[in-house]
Asker: 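I am attaching a structure below and will ask some questions about it afterwards.
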2 protein chains.
Amino acid sequence: MSINAPEASGIEPIELSPSLPLPLYLQLAKHLRNQITSGKLAEYNALPGERELAETFGVSRVTVRKALSSLTAEGLLNKRQGSGWFINNSPHVEQRLSALTSFTEDMSSRGLQSGTVWLGRSISHATPEEALALNLRPREEVVRLNRLRLADTTPLAIELSVVPTKFLPDPFAFDGSLYQHLRNLGHAPHRALQRLSAVRLIPDLARQLELPEGAPALYIERRTFLENGTPLEFVASHYRGDAYDFVVELTLT
Amino acid sequence: MSINAPEASGIEPIELSPSLPLPLYLQLAKHLRNQITSGKLAEYNALPGERELAETFGVSRVTVRKALSSLTAEGLLNKRQGSGWFINNSPHVEQRLSALTSFTEDMSSRGLQSGTVWLGRSISHATPEEALALNLRPREEVVRLNRLRLADTTPLAIELSVVPTKFLPDPFAFDGSLYQHLRNLGHAPHRALQRLSAVRLIPDLARQLELPEGAPALYIERRTFLENGTPLEFVASHYRGDAYDFVVELTLT
DNA sequence: CTCTCTGGTATTAAATTGGTATTAAAAATT
DNA sequence: AATTTTTAATACCAATTTAATACCAGAGAG
């Protein structure tokens with residue numbers, strides 16, 4: 001099931017004149033080339049149908065096809081029978097979001113030695129909150145992974161990952177990167193929504209992070225999804241306040 | 001209350017027209033996308049069943065499924081057989097990520113009244129730190145804008161923006177959105193790099209935010225750039241930790 | 001277990017898409 | 001002037017998309 005968009009034209013009509021020295025199909029090709037390369041049609045990357053184009057420009061379908069064919073030869077367009085004409089080289093700026101990386105991958109990219117101390121790994125039933133976040137049936141089984149994260153030797157974060165057992169059957173079956181392990185099992189993380197806020201550390205966590213009670217911390221909740229949109233992992237992390245996170249934002253052009 | 005109980009619809013019905021150039025399932029997808037991203041259908045909630053949706057919009061179930069499938073591909077929804085369709089995204093995801101928005105624009109898109117209390121606007125020489133962040137010559141002139149940000153009537157953040165006078169000659173020449181004003185002057189912000197961390201509020205800021213001393217806050221440093229990469233603005237903000245969630249979307253490349 | 005919710009899928013018909021053959025008028029070539 | 005090529009129209013063919021109906025399968029309540 002493909003999604004193409006026979007969107008409401010968006011093509012600017014002009015008057016083509018048969019009396020000009022330039023043949024109609026070339027006049028039309030020129031006009032369409034302008035519209036395409038100027039990016040006015042970039043929104044919908046599909047063109048209106050040949051019949052509709054013929055109508056709006058007051059020429060026959062063959063003329064339209066000839067114009068479109070010459071643009072195809074230039075590499076601007078491609079077509080599919082039964083489907084339509086599509087713009088090839090949309091100068092469409094790819095919207096780059098932050099990359100989804102695991103802690104392990106993240107630290108090594110910053111040249112830090114990542115250390116992990118296991119605080120617990122177990123299988124149990126999902127709490128109502130987890131079931132909601134992971135879209136599970138009530139009391140469905142999940143793996144809980146509780147880890148203390150180190151940068152070199154400094155405690156950096158406490159992380160509690162929750163993954164349904166249907167994606168991660170055995171919490172002891174891996175030792176390094178959770179994401180790498182999930183990828184190996186055919187459940188590659190594809191996208192995540194992350195929510196950050198600032199909190200005061202409760203005594204228990206403060207002790208584990210070797211910080212004074214009530215110290216500020218970055219609280220990060222993350223839901224990770226498979227490519228088909230199914231929730232794969234729910235993570236709640238407390239980072240020490242002087243750790244930081246980068247975010248890039250871009251405007252659309 | 002069962003987690004899977006479909007919420008009392010809450011879907012606003014519209015009339016879908018087969019005569020429009022856009023196929024029915026895309027018309028429906030568009031409408032549902034609006035409802036979700038505008039926050040009228042909140043994160044974690046279930047959608048009405050496919051049959052019910054088909055009924056309310058007067059189309060077949062297959063059409064509904066096609067619309068829902070395309071939204072799933074966008075990452076907005078996920079489903080579970082025998083259970084239903086669930087909403088992944090929180091409403092402001094779209095705002096925060098795909099667009100570089102100012103506080104003013106951000107708040108109004110969420111239906112909140114954004115208030116601003118001016119704490120100071122002045123022209124002075126850049127500090128060494130600012131000169132570094134903005135890539136200025138030492139002692140080049142900058143505008144300093146210090147604002148208290150309100151959501152409705154609650155203090156939400158303290159913001160200190162620094163902009164070189166070559167981009168913003170007069171700190172008093174605008175009153176609403178700084179970004180809108182800069183765009184009008186031909187200096188459209190195009191990209192931003194943010195750094196977030198958690199801090200304890202110093203007494204001065206705590207008082208202004210009407211919070212107890214030492215309360216946790218999100219400290220956000222932002223550098224905004226023009227399209228050609230020139231630094232345009234440096235902002236240091238303190239958001240109250242209990243009132244503001246930052247949402248970030250991450251994807252694999 | 002059964003009954004009734006939920007989503008999943010196969011089959012079908014109609015509409016829409018591009019593809020092609022035929023034809024004729026106009027323009028360029030000989 | 002005769003011939004060929006280019007241009008442009010009409011009519012019909014084939015692939016695809018759209019959207020409906022009918023039936024299958026998992027989940028949950030009793």
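Just so it is clear: chains get the letters A, B, ... in the order the sequence lines come, proteins before strands, and each one is counted from 1. Treat the numbers as computed from the prediction; the structure is a model and nothing was measured.
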Asker: Taking only the side-chain nitrogens and oxygens of A:Lys66, find out if one of them lies under 4.0 Å from OP1 or OP2 of D:dT7.
Answerer: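 Yes, within the criterion.
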Asker: Are side-chain N/O atoms of A:Asp204 and A:Gln208 paired as donor and acceptor at under 3.5 Å?
Answerer: no
Asker: Just how far, in rounded Å, is P of C:dT16 from CD of A:Gln81?
Answerer: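 Between P of C:dT16 and CD of A:Gln81: 17 Å.
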Asker: From the set D:dA8, D:dT18, C:dG7, return the single nucleotide nearest to any side-chain atom of B:Tyr25.
Answerer: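 The listed nucleotide nearest to B:Tyr25's side chain is D:dT18.
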Asker: Taking atom P of D:dA9 as reference, at what distance in whole Å does atom CG of A:Leu53 sit?
Answerer: 14 Å
Asker: Can you confirm whether A:Leu53 sits close enough to A:Glu50 that some side-chain heavy atom of one is under 4.5 Å from a side-chain heavy atom of the other?
Answerer: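 With C-beta onward as the side chain, the pair stays apart.
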Asker: Which whole-number value in Å describes the distance from A:Glu50 CD to D:dA9 P?
Answerer: 14 Å
Asker: Could you check how far CZ of A:Arg137 sits from P of C:dT6, rounded to whole Å?
Answerer: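 About 17 Å, once rounded to whole Å.
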Asker: Please state how far atom CG in A:Leu68 lies from atom P in D:dA8, giving the value in whole angstrom units.
Answerer: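 Going from A:Leu68 (CG) to D:dA8 (P), I get 14 Å.
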Asker: State whether A:Arg80 places a side-chain N or O below 4.0 Å from either non-bridging phosphate oxygen (OP1 or OP2) of C:dG18.
Answerer: no
Asker: C:dT17 C1' sits how many Å from A:Glu55 CD, rounded?
Answerer: 16 Å
Asker: Output the single nucleotide from D:dA9, D:dT18, D:dT7 whose closest atom is nearest the side chain of B:Pro23.
Answerer: D:dT18
Asker: Which whole-number value in Å describes the distance from B:Leu16 CG to D:dA20 P?
Answerer: 10 Å
Asker: Given D:dA20, D:dT10, D:dT17, which nucleotide is nearest the side-chain atoms of B:Val62?
Answerer: D:dA20
Asker: Side chains of A:Arg222 and A:Ser237: any donor to acceptor distance under 3.5 Å?
Answerer: no
Asker: For the base of C:dG18, is there a side-chain donor-acceptor partner from A:Arg51 under 3.5 Å away?
Answerer: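 Answer is yes: a donor-acceptor pair is held.
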Asker: Hey, which sits more toward the 5' end of DNA chain D by its nearest nucleotide, B:Leu24 or A:Thr63?
Answerer: A:Thr63
Asker: On the nucleotide C:dG18, are OP1 or OP2 found under 4.0 Å from the side-chain N or O atoms that A:Trp85 carries?
Answerer: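 Checking C:dG18 against A:Trp85, a side-chain N or O does come within under 4.0 Å of OP1 or OP2.
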Asker: If you assign each of A:Arg61 and A:Gly58 to its closest nucleotide in DNA chain D, which residue comes earlier from the 5' end?
Answerer: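 It is A:Gly58, whose closest nucleotide lies nearer the 5' terminus.
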Asker: Under the side chain to side chain donor-acceptor pair (under 3.5 Å) rule, collect the residues that match up with A:Ser122, sequence neighbours excluded.
Answerer: none
Asker: With a 4.0 Å limit, can you tell me whether A:Ser60 has a side-chain N or O closer than that to the phosphate oxygens OP1/OP2 of D:dA8?
Answerer: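 A:Ser60 to D:dA8 OP1/OP2: no side-chain N or O under 4.0 Å.
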Asker: Give me the atom names and distance for the closest heavy-atom approach of A:Pro164 to A:Leu232.
Answerer: CD-O, 3.2 Å
Asker: Rounded to whole angstrom units, what separation is found between the CG atom of B:Leu28 and the P atom of D:dA19?
Answerer: 10 Å
